[in-house]
Amino acid sequence: MRGVVLLGNRRSEVREFADPQPGWGEVVVRLKAGGLCGSDLHRYRQDATQRAGNVTISGHEPCGVVECLGNGVTNVRVGERVSVYHYRGCGYCKECLGGSLMWCAASRGYGVAIHGSNADFILTDARNCLPLPTELSFACGAMMACNAGTAFSSLRKLHPFGGETVAIFGQGPVGLAGTLFAKAMGTRVIAIEPTAERRKLARALGADETIDPNADDANSAVKELTRGEGADCSFETSGSSSGVNGAVDCLRLGGRAVFVGKHEDKALAPSQIIGRQLTLMGSFILPIYMYHDMLRLILDRGVPLEAMVTHRLPLEKAQEAFALFDSGKTGKVIFEWA
Ligand SMILES: [Zn+2]
Ligand SMILES: [Zn+2]
């Protein structure tokens with residue numbers, strides 16, 4: 001089979017690999033769609049010397065059909081449509097039983113520790129195979145594996161009431177999925193995004209207001225749109241220092257924020273949160289059981305997840321796909337198989 005390897009210095013390569021064979025309790029899935037995620041870009045942009053010797057296939061948003069089963073698999077059948085949860089765990093420890101396979105001491109993440117989704121086939125555990133109903137495309141299933149799941153799980157932590165205002169910092173794929181889900185949850189969305197193409201996409205997906213933080217001070221603009229009070233909640237996906245501070249400063253008294261955009265800047269001061277009694281939370285992908293809650297919201301409210309996809313490419317155009325996504329101007333970029 002073919003698989004994409006990220007070489008660093010913004011280069012990728014399609015290589016030949018042996019087809020995976022399922023062992024006991026394992027499943028091989030034939031890929032139909034595989035998403036490119038922001039965290040893949042970290043590895044794509046890494047220095048080539050840091051990537052030297054890496055031979056792991058990239059990608060952690062797998063979706064496709066079950067190709068073959070190892071012994072002992074009873075929950076899926078050959079030909080079944082599945083989205084694949086993107087961390088493999090032992091299945092028995094406290095964290096696995098709680099659904100947080102990514103916290104398992106033996107966890108293995110696709111595209112980093114084990115071969116990922118930018119390949120013709122992927123090997124997984126039967127428990128990682130999540131049913132994808134026929135109403136939803138493979139592209140949707142791929143996004144639900146990380147991108148949309150990350151946004152859904154974050155909004156679940158904010159728990160916005162209908163009618164509340166949510167400020168979403170960054171409208172890359174996670175921010176855009178956040179906009180879609182926050183709208184489906186009945187909130188008003190203010191999307192903060194410096195790139196014109198992504199602001200346009202955010203509006204098309206239902207954002208009530210958009211702010212260009214390079215043209216206007218995001219904090220003042222959010223206050224202006226909320227009669228001086230500030231947003232009820234904020235969702236930080238940009239990973240920028242201005243986004244992190246903005247997500248805190250734009251909140252109303254007693255507001256709450258959730259962060260998924262990684263940044264190493266220690267620019268946040270306790271004085272920003274104490275007097276205003278803010279609640280700040282971190283979020284990291286989603287526990288596996290939450291896939292079913294996300295699926296229900298998407299189906300019940302007709303969330304147009306597919307509308308986020310701006311580029312679909314075959315695997316052999318990996319270099320072009322990563323370059324497009326790296327431009328920071330796209331919606332979701334996905335690999336698709338016929
Ligand atoms: Zn991801
Ligand atoms: Zn475990």
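Both ligands and their constituent atoms are indexed starting at 1 by order of listing.
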> Sorted by chain and residue number, which protein N/O/S atoms are under 2.8 Å from the Zn ion (ligand 2)?
Replying inline: Cys90 SG, Cys93 SG, Cys96 SG, Cys104 SG
>> Do the side chains of Glu164 and Arg252 get close enough for a salt bridge, i.e. N-O under 4.0 angstrom?
In response: yes
>> Holding to ring pair (Phe, Tyr, Trp, His ring centres under 6.0 Å), I want the full list of residues that pass it with Phe335, two or more places apart in sequence or in another chain.
In response: none
> Do NZ/NE/NH1/NH2 and the carboxylate oxygens of Arg188 and Asp208 come within less than 4.0 Å?
Replying inline: no
> Hey, what's the ring geometry for His60 with His86, parallel, tilted or perpendicular (30° and 60° as the breaks)?
Replying inline: tilted
> How about the Zn ion (ligand 1), which protein N, O or S atoms come within less than 2.8 Å?
Replying inline: Cys37 SG, His60 NE2, Cys146 SG
> Tell me, do Tyr291 and Leu132 make a side-chain contact under 4.5 Å, heavy atoms counted?
Replying inline: yes
>> Is any side-chain heavy atom of Arg30 closer than 4.5 Å to one of Val78?
In response: no
> With sequence neighbours excluded, what pairs up with Phe121 under the ring pair (Phe, Tyr, Trp, His ring centres under 6.0 Å) test?
Replying inline: none
> Within 45° of the six-membered ring axis of Phe138 and under 6.0 Å from that ring's centre, is NZ or CZ of Arg81 located there?
Replying inline: yes
>> Any heavy-atom pair between the side chains of Lys332 and Glu61 that's under 4.5 Å?
In response: yes
